[in-house]
Amino acid sequence: MVTQVMNCIMEDLQHLGGTLRREKLNGFAREILSSSWNTMHDQWQVITAYAALIAVTVWMLLGLWSLPQQQRSSVGRGRRKSSLAGPIRWPLLGAAPEVLWNYHRLNDWIVSYLKKSPTMHVQLPNVTFTYTALPENVEHILKNNFSNYPKGELFHEVMDIFLGDGIFNTDGELWRKQRKTASFEFASKVLREFSTLVFRDYSLKLAAILNRAAASTAAAVDMQDLFMRLTLDSICKISFGIEMGTLEPSLPDIPFAKAFETTNEIVSHRFMDPWWKLKRFFKVGTEATVVKSAKEVDDFTYNVIRTRRAELAAARRSGQKLQADAVTKDLLGRRDLFTRFLLLNEEAEEGAEMFTDKNLRDTILNFVIAGRDTTAVTLSWFVYMMIQHPEVAEKIEQELICTFEKSEKEDQSAAPVIMNSKKSDLDDDDDSKASDEASFNLRVAEYSQHLTYNSLLNLQYLYAAILETLRLYPAVPMDPKCVLNDDVFPDGTPVKKGNMVMYSAYAMGRMEYIWGSDACEFKPSRWLKDGVVQLESPFKFTAFQAGPRICLGKDSAMLQLRMVLAILCRFYKFQLVSQAPVKYRQMSILLVANGLHVTVTRKM
Ligand code: HEM
């Protein structure tokens with residue numbers, strides 16, 4: 001979502017520069033060259049053709065001339081001079097032709113330039129993007145001169161129908177207030193405990209689906225689709241307190257989930273659609289669809305708000321004292337974010353309501369949006385890494401066996417809590433496929449009882465492998481910010497008011513000047529010293545952003561990643577269905593293009 005500003009401009013240019021594609025240029029050239037005096041009756045046509053050829057030649061020469069100019073660019077005033085590599089700037093079009101040509105692999109195209117020079121300007125007809133991979137520049141943008149680099153108006157307008165004035169979509173005071181309240185809630189023990197249970201339950205649902213797929217030899221599954229379902233269900237449970245059910249065994253299409261996806265997709269596409277405002281004005285096409293889907297999302301959300309408010313009002317009428325802990329534990333039995341924010345209202349002074357219905361809707365939906373796709377794609381790339389690096393998968397499995405076999409011996413007296421199954425039911429018919437499946441599910445469920453917030457923290461090698469996945473495949477590959485006022489980066493690069501700056505987490509993970517000569521290799525061991533993870537500066541490892549706007553759900557995401565992967569790595573092995581290389585889709589989120597289709601086998 002965050003790089004959609006960039007996408008928007010690129011797509012504009014795609015329309016503008018469509019005729020510049022190679023085939024068409026070739027066709028054009030052939031037409032001019034093969035034409036003879038005989039076929040070109042009209043002398044004017046000949047003159048025009050020559051004029052066009054001369055214009056193209058001059059234009060190309062000008063472009064080539066502008067390259068060394070650009071590479072000579074420097075800033076004085078006592079700062080270090082910067083020599084920027086970057087694409088050729090053509091008159092009028094700037095770097096657009098090269099950007100368009102490489103659009104499907106934009107992240108890697110950026111890598112190729114930032115390898116040569118850690119900062120570069122990409123000049124487009126209407127705006128210049130300054131890309132950087134230098135940690136000191138990133139720290140400058142995200143922290144030291146934070147107020148000069150907001151998300152900006154364009155982002156807000158495009159996302160308004162979906163994100164409203166939620167934390168993800170605001171700057172300044174509006175953002176600051178939400179950040180403060182939300183940080184407090186995210187740090188709470190109640191939410192952490194609730195999340196641990198939710199993540200465990202949904203991991204078991206996923207494990208059961210994989211178990212079934214493993215039992216049927218021909219069945220392949222799309223792990224990315226399953227992870228999207230898992231993260232939607234779990235984040236809706238944590239945020240709304242509601243069972244969404246997309247991860248039920250039949251993998252159903254749920255109306256809210258569908259409406260949510262449709263709205264997300266269309267709003268994201270707006271950044272690439274130069275006509276979206278016109279379509280919105282005439283209420284046609286995707287803009288007509290998004291009005292309906294957004295309304296469906298709103299209806300659902302406001303309905304939950306009304307229900308929760310009614311529950312609280314009933315509790316108030318019954319005369320109970322509304323202390324947060326008492327209400328969540330005893331009165332409502334709810335620990336979801338919705339209820340917790342409503343309780344903050346209750347605790348606020350008389351008449352000083354902190355959250356209107358619209359505030360609540362925006363707040364909660366922003367969490368769902370921020371946390372869902374990011375976690376799902378990280379899980380997908382992790383599974384892909386395990387397929388590519390079986391030696392790492394093996395080490396993780398060993399760590400899991402060691403950690404939990406040990407704790408099992410210690411815990412022998414404590415009978416594990418078994419969910420949704422009775423052991424005696426299974427003993428009768430061991431041979432049947434169904435009972436085989438059920439007994440495997442039971443085994444996974446028993447094992448999962450060891451997975452607590454604290455025990456998961458002991459899995460240092462797994463943690464290192466997750467960090468390594470995020471280093472090479474950051475869910476948000478690049479992050480654009482607006483420039484409010486002229487500024488100069490610490491490396492001496494000037495940036496101009498009204499332009500955009502962009503740090504590329506994807507490129508940063510691949511830079512030898514940051515990570516050493518093995519930067520592009522997947523090596524979890526780089527994070528470990530004496531078996532313990534050593535964290536890097538968030539301005540160097542930028543997968544969660546850094547500074548005042550660092551991802552608010554980072555710890556929650558890590559908890560879910562550890563929980564899901566501790567189960568998958570212990571009990572399942574994956575194999576790609578196709579030999580075709582796995583690629584990303586060029587979007588704001590680093591999706592696996594066309595899904596991650598695998599076959600599954602169980603580990604005993
Ligand atoms: C692997 C998983 C995740 C990754 C890689 C990730 C990454 C990020 C990044 C890069 C940003 C900055 C985006 C921007 O400002 O343009 C961000 C912001 C945010 N994330 Fe995450 N995120 C993840 C999971 C989550 C989860 C699970 C939640 C919530 C439950 C969450 C909540 C948020 C929120 C609320 C913000 C906005 C913070 C602010 O603007 O102050 N994230 N995340």
Side-chain angles (χ1 to χ4, degrees), residues 1-6 138 141-143 146 149-152 155-156 159 163 165-172 174-187 191-192 194-195 198-199 202 227-228 230-232 234-240 336-337 362-382 463 466-467 469-482 500-506 508-509 538-539 541-565 588-591:
M1 197 181 304
V2 284
T3 54
Q4 286 143 348
V5 180
M6 176 68 183
V138 176
I141 298 167
L142 297 180
K143 190 176 135 203
F146 172 71
Y149 300 100
K151 290 205 161 187
F155 189 88
H156 187 272
M159 301 309 296
L163 296 175
D165 287 327
I167 186 170
F168 211 75
N169 203 28
T170 44
D171 291 306
L174 206 51
W175 163 77
R176 213 178 310 278
K177 263 175 72 179
Q178 295 189 61
R179 175 91 195 184
K180 201 170 156 211
T181 320
S183 303
F184 180 73
E185 283 307 314
F186 267 76
L191 188 69
R192 198 177 72 200
F194 180 49
S195 305
V198 171
F199 293 152
Y202 288 104
F227 287 142
M228 287 285 182
L230 169 96
T231 51
L232 184 70
S234 45
I235 203 153
C236 283
K237 181 78 177 179
I238 290 167
S239 303
F240 295 120
D336 56 89
L337 276 168
D362 291 351
T363 304
I364 299 297
L365 276 183
N366 272 251
F367 294 143
V368 177
I369 293 158
R372 189 263 181 133
D373 293 3
T374 44
T375 313
V377 300
T378 306
L379 286 165
S380 307
W381 288 111
F382 186 99
Y463 185 23
I466 294 172
L467 292 171
T469 304
L470 280 162
R471 187 181 71 84
L472 288 174
Y473 298 97
V476 182
M478 44 185 163
D479 207 338
K481 309 280 176 205
C482 296
M500 308 284 289
V501 294
M502 183 100 83
Y503 71 89
S504 164
Y506 183 91
M508 289 178 83
F539 302 104
F541 172 66
T542 50
F544 290 104
Q545 197 167 263
R549 281 196 97 140
I550 194 168
C551 172
L552 200 60
K554 182 169 157 284
D555 293 342
S556 173
M558 273 298 172
L559 175 60
Q560 183 165 31
L561 291 168
R562 286 182 173 116
M563 180 69 81
V564 176
L565 295 171
S588 51
I589 294 287
L590 200 73
L591 278 178

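First listed ligand is number 1; within each ligand, the first listed atom is number 1. One is the number of the first residue; the rest follow in order along the sequence. Side-chain atoms are counted along with the backbone in the values below, which use heavy atoms only and exclude waters and symmetry mates.
Proximity of Q178 to ligand 1, defined as any heavy-atom pair under 4.0 Å, is not found for any part of the residue. The part of K151 lying near ligand 1 is the side chain, judged by heavy-atom distances below 4.0 Å.
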Candidate pair Q545 and Y503, rule side chain to side chain contact (heavy atoms under 4.5 Å, CB included), full reasoning | CA-CA 9 Å; Q545 197 167 263; Y503 71 89; 3.2 Å; yes
Could you give me the CA-CA distance, side-chain angles and deciding distance for D479 and K151, then say whether salt bridge (charged side-chain N to carboxylate O under 4.0 Å, His left out) is met?
-> CA-CA 9 Å; D479 207 338; K151 290 205 161 187; 5.9 Å; no
Begin from the C-alpha positions of F367 and F186 and carry the test ring-ring contact (aromatic ring centres under 6.0 Å, His included) through to its verdict.
-> CA-CA 11 Å; F367 294 143; F186 267 76; 5.0 Å; yes
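Nearest to atom 20 (N) of ligand 1 by heavy-atom distance, out of P477, C551, S588, is C551. Across the listed options L379, T378, I466, V476, T378 owns the non-hydrogen atom lying nearest to atom 1 (C) of ligand 1. Closest to atom 29 (C) of ligand 1 by heavy atom, among S239, A475, G553, is G553. Summarising the contacts of atom 7 (C) of ligand 1 with P474, A543, A376, the nearest heavy atom is found in A543.
Between F146 and W175, the ring-plane angle classifies as tilted under the 30° and 60° cut-offs. Relative ring orientation between F168 and F155 is described as tilted, the plane-to-plane angle lying within the 30° to 60° band.
At least one heavy atom of K481 sits closer than 4.0 Å to an atom of ligand 1.
Checked by atom type and distance alone, the side chain of N366 pairs as donor or acceptor with a backbone atom of D362 at under 3.5 Å.
Atoms of ligand 1 found under 4.0 Å from any heavy atom of W175 (numbered from 1 in listed order, with element): 39 (C), 40 (O), 41 (O). Under a 4.0 Å criterion applied to the non-hydrogen atoms of F168, ligand 1 contributes the atoms 13 (C), 18 (C), 19 (C), 36 (C), 37 (C). Below 4.0 Å from some heavy atom of I235 lie the following atoms of ligand 1, by number and element: 30 (C).
By the 3.5 Å distance cut-off applied to N or O atoms, T375 is not counted among the residues near ligand 1. Looking at T542 next to ligand 1, no N or O pair under 3.5 Å apart turns up.
The distance from atom CD1 of I167 to atom CG of N169, rounded to the nearest 0.5 Å, is 11.0 Å. Here the straight-line distance linking atom CD of Q560 with atom OG1 of T378 works out to 10.0 Å at 0.5 Å rounding.
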